[in-house]
Amino acid sequence: MNKNSLLYILLGGFMLLSVPSGAQETPGEVVTESRGKRAWEIGVGASVFQFSRVDFTKFQKGSDNYQLGLQLRHSVIGPNLYIARELNPYFYLDLQGTVGFTEQFIDGADKLRTLYMVGPGLQWRLGEYFDSKYIDPFFRIGVSYMKKNFDMKYQGVNGDVTEEMSWVLENLYNKDGVDRNEMIPVSLGLGMNTWLNDHFGIGLQGDYLLMPYKDVANSLQGTVRLIWRMGGKSKKRIAPVQYIEVEKIVQGPKEVVEKIVEVPVSEPASVEICELFNNVYFEFDKSDIRPESEEVLDKIADIMKANSDQKYLITGYTDARGSAEYNIGLSGRRAAAVVEALQKRGVNGDIIKSRGVGKKISYAPVGESHIVREGDRKVTVEIITNMDYWNFMPKRDY
């Protein structure tokens, strides 16, 4: 075997781990969670290999029988080091190395023998397909350089006289008969990473080591490791955004009362916010908030103060009736009235902005009934997560 095989495999693994991602950030572009910094994983653990070996010791001939000792060993155990680089949420490149230890009967005594194996691999992560944050199964294919200094004996002769005892070891369901101390096995593996939080997890991995040589037996490898993770998407589940639109009209003998319509608010406050906004009203054709809404605004302010890391945009709308200039002013004043009422209740003004868009996006034409046009008269509240968009907006734009 070429003595540079180990060097070539190591260099190839490091080159693969350093391949840049296909998603590059451009100037002025907002990086979302899915395009954040790719993850690195570093792991330390232990591996066990299956190598079935037999040794016969203390062979003696008695008066009418033979006496001997039998040593049957199956495992090689040692530490495992692991490093992996995220290419995208579905594929990772890794580099794994293992040093294994065992004993072999040599010259009348058990002596320590070693195995070395190192090489890169490609993992296909399956957790994204199941929307699984903490349980991440994967398939793996890899190639390694292996070197060992213990013998795999498939036949032998014991005793002073050849005819006294000869033996043959056969591997059931495997290849037989040839030993080799330097190999390049192909690894076909299955594993699962269980994440405890964003930075630490436990990994399990099993590999079938396919020896690409005639009559050299294939092997098995099992590994358990503790993994340290840096970068990548957070493992914490993000509360889904719920879009709710509720409209209500209260009509008296001489007046029409209009209300705020709530849109997206994150769980778990969404239900409560929706119920509260369902009870905030304006005077007809004015920006004055009705007195019965004061207590409701108190509760809304408490929720916003408890979620002060959010950014809230309040937008006013009108129906198609009236001039564009008048409707811009009315919708803006209503949105601003909500902002001012919340600020008076202690909500930080830096987390609230307002705007009025008038009848720009009204859907119902002027000729439609009052009930239909009510759908276009509203004030909406939305959470802004794009900070560049938030910073671009003025406090008020009317």
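Smallest separation of non-hydrogen atoms from Asn218 and Gln50: O-OE1, 4.3 Å. Considering all non-hydrogen atoms of both residues, Ala364 and Ala320 come closest at O-CB, 3.6 Å. Minimum heavy-atom separation, Ser47 to Thr223: OG-OG1, 2.7 Å. Shown here for Phe150 and Thr114, the closest heavy-atom pair between the two residues is CD2-O, 3.9 Å. Here the closest heavy-atom approach between residue Val48 and residue Ser75 is recorded as CG2-CB, 3.8 Å. The heavy-atom pair separating Asp179 from Lys148 by the smallest distance is OD1-NZ, 2.8 Å.
Cluster annotation: Met304 and Val338 are assigned to the same hydrophobic cluster (Ile/Leu/Val/Met/Phe/Trp/Tyr, side-chain heavy-atom contacts under 4.5 Å, transitive). Taken together through direct or relayed side-chain contacts under 4.5 Å among Ile, Leu, Val, Met, Phe, Trp and Tyr, Leu126 and Leu204 form parts of separate hydrophobic clusters. Val366 and Tyr363 fall into different hydrophobic clusters, where Ile, Leu, Val, Met, Phe, Trp and Tyr residues are linked whenever their side-chain heavy atoms come under 4.5 Å apart, directly or through other members.
The salt bridge (charged side-chain N to carboxylate O under 4.0 Å, His left out) test applied to Asp288 returns no partner, not counting sequence neighbours. When the ring pair (Phe, Tyr, Trp, His ring centres under 6.0 Å) test is applied to Phe138, no partner is found at least two apart in sequence or on another chain. Take Tyr90 and apply the ring pair (Phe, Tyr, Trp, His ring centres under 6.0 Å) test, not counting sequence neighbours, and it matches Tyr129.
The CE atom of Met183 sits 12.0 Å away from atom CG of Leu210, with the distance rounded to the nearest 0.5 Å. Interatomic distance, Leu226 CG to Leu196 CG, rounded to the nearest 0.5 Å: 8.0 Å. Here the CG-CG distance, from Asp298 to Leu342, works out to 9.5 Å after rounding to the nearest 0.5 Å. To the nearest 0.5 Å, atom CD1 of residue Ile303 and atom OG of residue Ser308 are 13.5 Å apart.
For the residue pair Ser287 / Arg334, no side-chain donor-acceptor distance below 3.5 Å is found, with atom types taken as modelled. For Asp94 and Tyr82, the side-chain atoms include no donor-acceptor pair closer than 3.5 Å. With 3.5 Å as the limit, one finds no donor-acceptor pair spanning the side chains of Gln104 and Asp110. Counting only N and O atoms by type, the side chains of Asn80 and Thr98 include a donor and acceptor under 3.5 Å apart.
Counting only distance, with no hydrogens or angles, the side chain of Lys133 and the backbone of Glu128 share no donor-acceptor pair below 3.5 Å. Counting only distance, with no hydrogens or angles, the side chain of Arg180 and the backbone of Glu182 share a donor-acceptor pair below 3.5 Å. Between the Asn88 side chain and the Phe91 main chain, a donor and an acceptor come within less than 3.5 Å of each other. Panel note: side chain Ser331, backbone Gly358; a donor-acceptor pair is recorded below 3.5 Å.
A cation-pi arrangement is present between Arg125 and Tyr92 under the rule of less than 6.0 angstrom and at most 45 degrees off the ring axis. Judged by a 6.0 Å distance limit and a 45° cone about the ring axis, Lys353 is positioned over the six-membered ring of Trp390. Taking the centre and axis of the six-membered ring of Trp124, the NZ or CZ atom of Arg140 falls outside the cone set by 45° and 6.0 Å.
Residues Asp136 and Trp195 have side chains in contact (heavy-atom distance under 4.5 Å, counting atoms from C-beta outward). Between Ile289 and Leu297 there is a side-chain heavy-atom pair separated by less than 4.5 Å. In this structure, the side chains of Ile184 and Tyr213 come closer than 4.5 Å at one or more pairs of heavy atoms. Considering only heavy atoms from C-beta on, Ile77 stays 4.5 Å or farther from Phe101 through its side chain. In this structure, Gln310 and Ile352 have side chains that are not in contact, with every pair of non-hydrogen atoms separated by 4.5 Å or more. For the pair Met117 and Tyr145, the minimum side-chain heavy-atom distance is 4.5 Å or more. Between Met146 and Leu209, the closest side-chain pair of non-hydrogen atoms falls below 4.5 Å. Residues Asn193 and Ile227 meet the side-chain proximity criterion, which asks for heavy atoms closer than 4.5 Å.
Residues in residues 197-206 take part in these side-chain hydrogen bond (donor to acceptor under 3.5 Å, both in side chains) pairs, two or more places apart or across chains: Gln96-Gln205, Asp198-Ser234, Gln205-Asp207, Gln205-Arg225. Within the structure, no pair that satisfies the salt bridge (Lys or Arg N to Asp or Glu O under 4.0 Å) test touches residues 359-369, not counting sequence neighbours.
Under the 4.0 Å criterion applied to side-chain N and carboxylate O atoms, Lys344 and Glu294 are not assigned as salt-bridge partners. Lys299 has no carboxylate O lying under 4.0 Å from a charged side-chain N of Asp302, or vice versa, which leaves the two without a salt bridge.
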Which pairs of donor and acceptor atoms, one on a side chain in residues 321-328, lie under 3.5 Å apart (sequence neighbours left out)?
unit_1, atom_1, unit_2, atom_2, d
Ser323, OG, Tyr326, N, 3.1
Tyr326, OH, Asp285, OD1, 2.8
Tyr326, OH, Asp285, OD2, 3.3
Asn327, ND2, Arg321, O, 3.0
Asn327, ND2, Ser323, O, 3.2

Applying side chain to side chain contact (heavy atoms under 4.5 Å, CB included) to Val99 and Leu115, what does each step give before you reach the verdict? CA-CA 6 Å; Val99 180; Leu115 174 149; over 6 Å; no
